[in-house]
Amino acid sequence: MAVDRVSSLRQRLRRETDTFDFGALIEGVSTLEEVEVSTVEAHVSDVASIVEPATQTPEAPVVVHTEPKEERLRTAVNSLGARLLDTAGKFRSEVREGDCWAAGACLSQLNQILELLHSVDPQGDVARFLASPGAPPHGSAWPTTAWSVAELAESPFSALLPQDADEYFVRRVVSAAWGSVFPAHS
């Protein structure tokens, strides 16, 4: 049953093609509108139930969590949102300084954070409901990852690149992002 919910969430993620207003996010401008609370609460419950193990063997001891599932989900989404904002700020700083390797490492971290956010909250509804830092604006989902030059060019993170950044600079940043994920052998 949990597998069906996971595949349903993955299908929703694949269908998502909305754009993301990252400029408002960086500036701290709120573009949030009211979200239907019942829909988001249902999504929070669905995601929280996936976090719990689907089955337990009779021999395995049952671990009692002192924290409700929703609180753990809130902590995770808040933490990832804060990390996203912090890492985006570092990425912006590194590309403005022209440090391709450090900017690529930040881009890699941004992509990893987004992959986690997409697995927990693909549409961003939970983050908006919880008023998490970095929550996407109403009507938008989390931005997609940017592992290629084309993806970075279409990404909201491209707004963080200096205006004089050319294709060669962007290629070096993306190559460095791959290098920080898959280190080269010496």
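Below, each value reflects all heavy atoms present in this structure, side chains not excepted, and no hydrogens, waters or symmetry copies. No experiment lies behind these values; they were computed from the predicted model shown.
Not a single donor-acceptor pair under 3.5 Å links the side chain of H138 to the backbone N or O of R128. Of the possible polar contacts, none joining the T87 side chain to the L84 backbone as a donor-acceptor pair under 3.5 Å is found. Although no hydrogens or angles enter the test, the distance criterion places no donor-acceptor pair under 3.5 Å between the side chain of D99 and the main chain of E94. Between the E151 side chain and the S148 main chain, a donor and an acceptor come within less than 3.5 Å of each other. Remark: the backbone N or O of A76 is not paired with any side-chain donor or acceptor of S79 at under 3.5 angstrom. The backbone N or O of E71 lies less than 3.5 Å from a partner atom in the side chain of T75, making a donor-acceptor pair.
Taken to the nearest 0.5 Å, the CZ atom of F157 stands 4.5 Å off from the CG atom of L110. Between L117 atom CG and L80 atom CG the span is 4.5 Å, to the nearest 0.5 Å. Taking CG from D86 and CZ from F91, the interatomic distance works out to 14.0 Å, rounded to the nearest 0.5 Å. For the atom pair CG of L161 and CZ of R92, the computed distance is 11.0 Å after rounding to the nearest 0.5 Å. Expressed to the nearest 0.5 Å, how far CZ of R83 lies from CD of Q109 amounts to 8.5 Å. Atom SG of C106 and atom CH2 of W101 lie 12.0 Å apart (nearest 0.5 Å).
Among all heavy-atom pairs drawn from S155 and S158, the shortest one is O-OG, 2.7 Å. Nearest heavy atoms, P122 versus A141: O-CB, 3.5 Å. Residues D121 and A127 approach most closely at OD2-N, 2.9 Å, considering heavy atoms.
In summary, R171 and E167 engage in a salt bridge, as defined by a charged side-chain N under 4.0 Å from a carboxylate O.
At least one side-chain heavy atom of P162 sits under 4.5 Å from a side-chain heavy atom of V95. A 4.5 Å side-chain heavy-atom check between V120 and V126 finds every atom pair outside the cut-off. Side-chain contact between F169 and C100 is present, with heavy atoms from C-beta onward closer than 4.5 Å. The closest side-chain heavy-atom distance from I113 to W142 is not below 4.5 Å.
Annotation: side chain to side chain donor-acceptor pair (under 3.5 Å) contacts of E115 (sequence neighbours excluded): W147. Residues satisfying the side chain to side chain contact (heavy atoms under 4.5 Å, CB included) criterion with A153, sequence neighbours excluded, are absent altogether. For T145, there are no side chain to side chain donor-acceptor pair (under 3.5 Å) partners, not counting sequence neighbours.
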Using the rule given for side-chain contact (heavy atoms from CB on, under 4.5 Å), can you reason through V170 versus L152, listing the C-alpha separation, both sets of side-chain angles and the distance that settles it, and then say yes or no? CA-CA 8 Å; V170 175; L152 182 57; 3.7 Å; yes
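For R172, the CZ atom is densely surrounded, since the number of other residues' heavy atoms within 6.0 Å is greater than 12.
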